[in-house]
Amino acid sequence: MSAAPAEDLVKRWESEQARLRQEVVEEDTEDWQRSADFSGLERVGGVDLSFIKGDDVNACAQLVVLSYPDLEVLYEDSQMVTLTAPYIAGFLAFRETPFLLDAIQRLEKNQPELLPQVVFVDGNGLFHYREFGLACHLGVLSGLPCVGVAKNLLQVQGVYKNDEHQSQIAALQKGGDSFPLTAASGKVLGKALRSSDKSSKPVYVSIGHKISVDTAVRLTHTCCRYRVPEPIRQSCASSGPSVIISWLKSITLPSSSSSFTH
DNA sequence: GCGACAG
DNA sequence: ATCTTGTCGC
């Protein structure tokens with residue numbers, strides 16, 4: 001019957017990406033982005049979805065807001081959610097964005113004064129098959145400046161994980177060093193950044209929305225205590241596990257007590 | 001058949 | 001994403 005069930009879905013998603021792609025702003029739009037020390041920047045956000053071992057449907061959506069430049073936690077939101085869309089490489093946003101957007105809107109409604117001035121996203125932005133990764137998607141739909149940070153290189157648009165790439169990585173001497181990820185077209189889609197002196201493996205930074213590549217790279221570097229930028233690290237590690245555990249208990253206990261009804 | 005495949 | 005312990009090094 002339907003040998004290729006996702007084919008039609010993928011086509012719709014592709015046109016949706018093409019439509020929203022036109023809304024991406026690839027330049028700095030905020031005053032603090034022009035400042036050498038980012039003066040005026042007080043809150044940076046991070047978002048992430050955490051999963052449990054064999055369950056790719058239930059996840060914990062998290063949003064944290066940290067102070068800048070101290071990187072202290074100002075706000076934290078964790079919400080168990082039920083995912084509907086499958087994970088297909090190149091379409092991560094359709095799986096995760098709705099829940100990340102929900103978290104941002106909850107904050108906007110309850111404590112708008114804590115809204116982050118920029119959001120770090122776990123995944124790529126412009127560095128994407130169609131130049132519209134998760135960070136762009138969330139940026140356009142939320143209207144907030146966003147930065148995409150991926151932990152692994154996506155081989156796309158003529159960028160390969162070959163010997164040339166490896167030698168460029170080897171040339172990154174200290175935290176803050178970077179090299180461009182240039183598409184076959186010549187466009188710089190992002191940069192590989194050595195985020196700290198300690199980590200030899202770079203992170204891949206690309207813009208999501210309302211920020212320039214160079215500003216995104218500079219900002220990412222100042223938000224790194226370890227390899228992964230603190231906003232993303234905090235959103236991954238803070239309350240994720242405990243929220244998932246309490247959620248597991250909440251669905252396990254009622255079912256066991258129901259055995260008393262018979 | 002083999003490699004790639006953000007999270 | 002997550003599965004998994006120890007291990008080597010500063």
Side-chain angles (χ1 to χ4, degrees), chain A residues 6-7 10 13-14 17 21 24 46-63 78-101 103 119-139 146-163 165-166 174-175 181 183 189-193 195-209 216 220 225-229 231-245 247-248:
Chain A
E7 200 170 299
V10 165
W13 281 354
E14 281 180 346
Q17 288 180 329
R21 168 72 183 87
V24 173
V47 290
D48 172 68
L49 255 61
S50 301
F51 295 81
I52 28 181
K53 49 181 180 181
D55 189 341
D56 59 345
V57 170
N58 298 293
C60 182
Q62 313 211 72
L63 164 64
S78 302
Q79 179 74 51
M80 284 305 301
V81 297
T82 301
L83 306 196
T84 54
Y87 169 66
I88 300 177
F91 302 95
L92 178 63
F94 292 93
R95 182 166 161 78
E96 301 196 349
T97 299
F99 308 100
L100 303 179
L101 203 52
V119 179
F120 281 90
V121 178
D122 205 347
N124 294 302
L126 216 63
F127 186 55
H128 176 269
Y129 303 101
R130 292 164 294 280
E131 299 187 10
F132 197 72
L134 176 58
C136 297
H137 209 120
L138 185 65
C146 286
V147 176
V149 180
K151 295 182 288 294
N152 296 293
L153 178 72
L154 185 62
Q155 297 196 143
V156 63
Q157 295 203 29
V159 178
Y160 299 113
K161 186 167 45 187
N162 51 21
D163 290 343
H165 183 75
Q166 297 306 328
K174 60 184 198 313
L181 301 169
L189 299 179
K191 292 196 173 184
L193 167 72
S195 50
S196 77
D197 290 333
K198 294 217 167 188
S199 63
S200 59
K201 182 175 180 177
V203 292
Y204 300 94
V205 179
S206 60
I207 72 155
H209 189 47
T220 300
R225 287 219 233 276
Y226 304 101
R227 176 171 176 249
V228 175
I232 292 177
R233 251 192 93 244
Q234 292 297 331
S235 70
C236 292
S238 59
S239 62
S242 67
V243 168
I244 291 179
I245 288 172
W247 173 79
L248 282 172

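- Here A/Y87 does not lie in a stacked arrangement on the base of C/dA1, lacking the combination of planes under 30° and ring centres under 5.5 Å apart.
- Contacts of A/G90 with the nucleic acid, taken as non-hydrogen atoms under 4.0 Å apart, include base atoms.
- Contacts of A/F91 with the nucleic acid, taken as non-hydrogen atoms under 4.0 Å apart, include base atoms.
- Listed here is the closest heavy atom pair of A/S206 and A/L189: CB-O, 3.3 Å.
- If you take NE2 of A/H165 and C1' of B/dA4, they are 15 Å apart, rounded to a whole angstrom.
- OP1 or OP2 of B/dC5 lies within a sub-4.0 Å distance of a side-chain N or O belonging to A/K161.
- Qualifying side chain to side chain contact (heavy atoms under 4.5 Å, CB included) partners for A/S196, counting only residues two or more places apart in sequence or in other chains: A/K198, A/S199.
- Sequence neighbours left out, the pairs with a member in residues 146-157 of chain A that pass salt bridge (charged side-chain N to carboxylate O under 4.0 Å, His left out) are A/D122-A/K151.
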Taking Watson-Crick and G-U wobble contacts under 3.5 angstrom, with | marking pairs to another strand and [ ] crossing pairs, the secondary structure of DNA chain C is written ..........
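- Taking the six-membered ring where tryptophan is involved, the planes of A/F127 and A/Y204 are essentially parallel, since the angle between them stays under 30° and well short of 60°.
- Note on ring orientation: taking the six-membered ring where Trp is involved, the planes of A/F132 and A/H137 are tilted (angle from 30° to 60°).
- Nearest to the side chain of A/L134, among B/dG7, B/dA6, C/dA1, sits B/dA6.
- With C1' as the reference atom, C/dT2 and B/dC5 are 16 Å apart, rounded to whole Å.
- When rounded to the nearest whole Å, the span between CG of A/L100 and C1' of B/dG7 equals 11 Å.
- Heavy atoms of A/N124 sit under 4.0 angstrom from at least one base atom.
- For the atom pair CG of A/L181 and OH of A/Y160, the computed distance is 14.0 Å after rounding to the nearest 0.5 Å.
- Not one N or O on the side chain of A/R95 forms a donor-acceptor pair closer than 3.5 Å with the backbone of A/L83.
- Considering only side-chain N and O atoms, A/K151 lies under 4.0 angstrom from the phosphate OP1 or OP2 of C/dA1.
- At whole-Å resolution of the value, CG in A/L154 and P in B/dA6 are 6 Å apart.
- Of the candidate nucleotides B/dA4, B/dA6, C/dT2, C/dT2 has the atom lying nearest to any side-chain atom of A/F51.
- Within 6.0 Å of CG in A/D163 there are 12 or fewer heavy atoms belonging to other residues, nucleotides or ligands.
- One interatomic measurement links the two molecules: CG of A/L83 to C1' of C/dT2, which rounds to 14 Å at whole-angstrom precision.
- Distance, A/Q155 CD to B/dA6 C1': 12 Å, rounded to whole Å.
- Atom NE2 of A/H137 and atom C1' of B/dA6 are 15 Å apart (whole Å).
- Put simply, A/N152 has no side-chain N or O that comes within less than 4.0 Å of OP1 or OP2 on B/dC5.
- Nucleotide B/dG7 holds its C1' atom 14 Å from the CZ atom of A/F99, rounded to whole Å.
- Between the CD atom of A/E96 and the P atom of C/dA1 there is a distance of 10 Å, rounded to whole Å.
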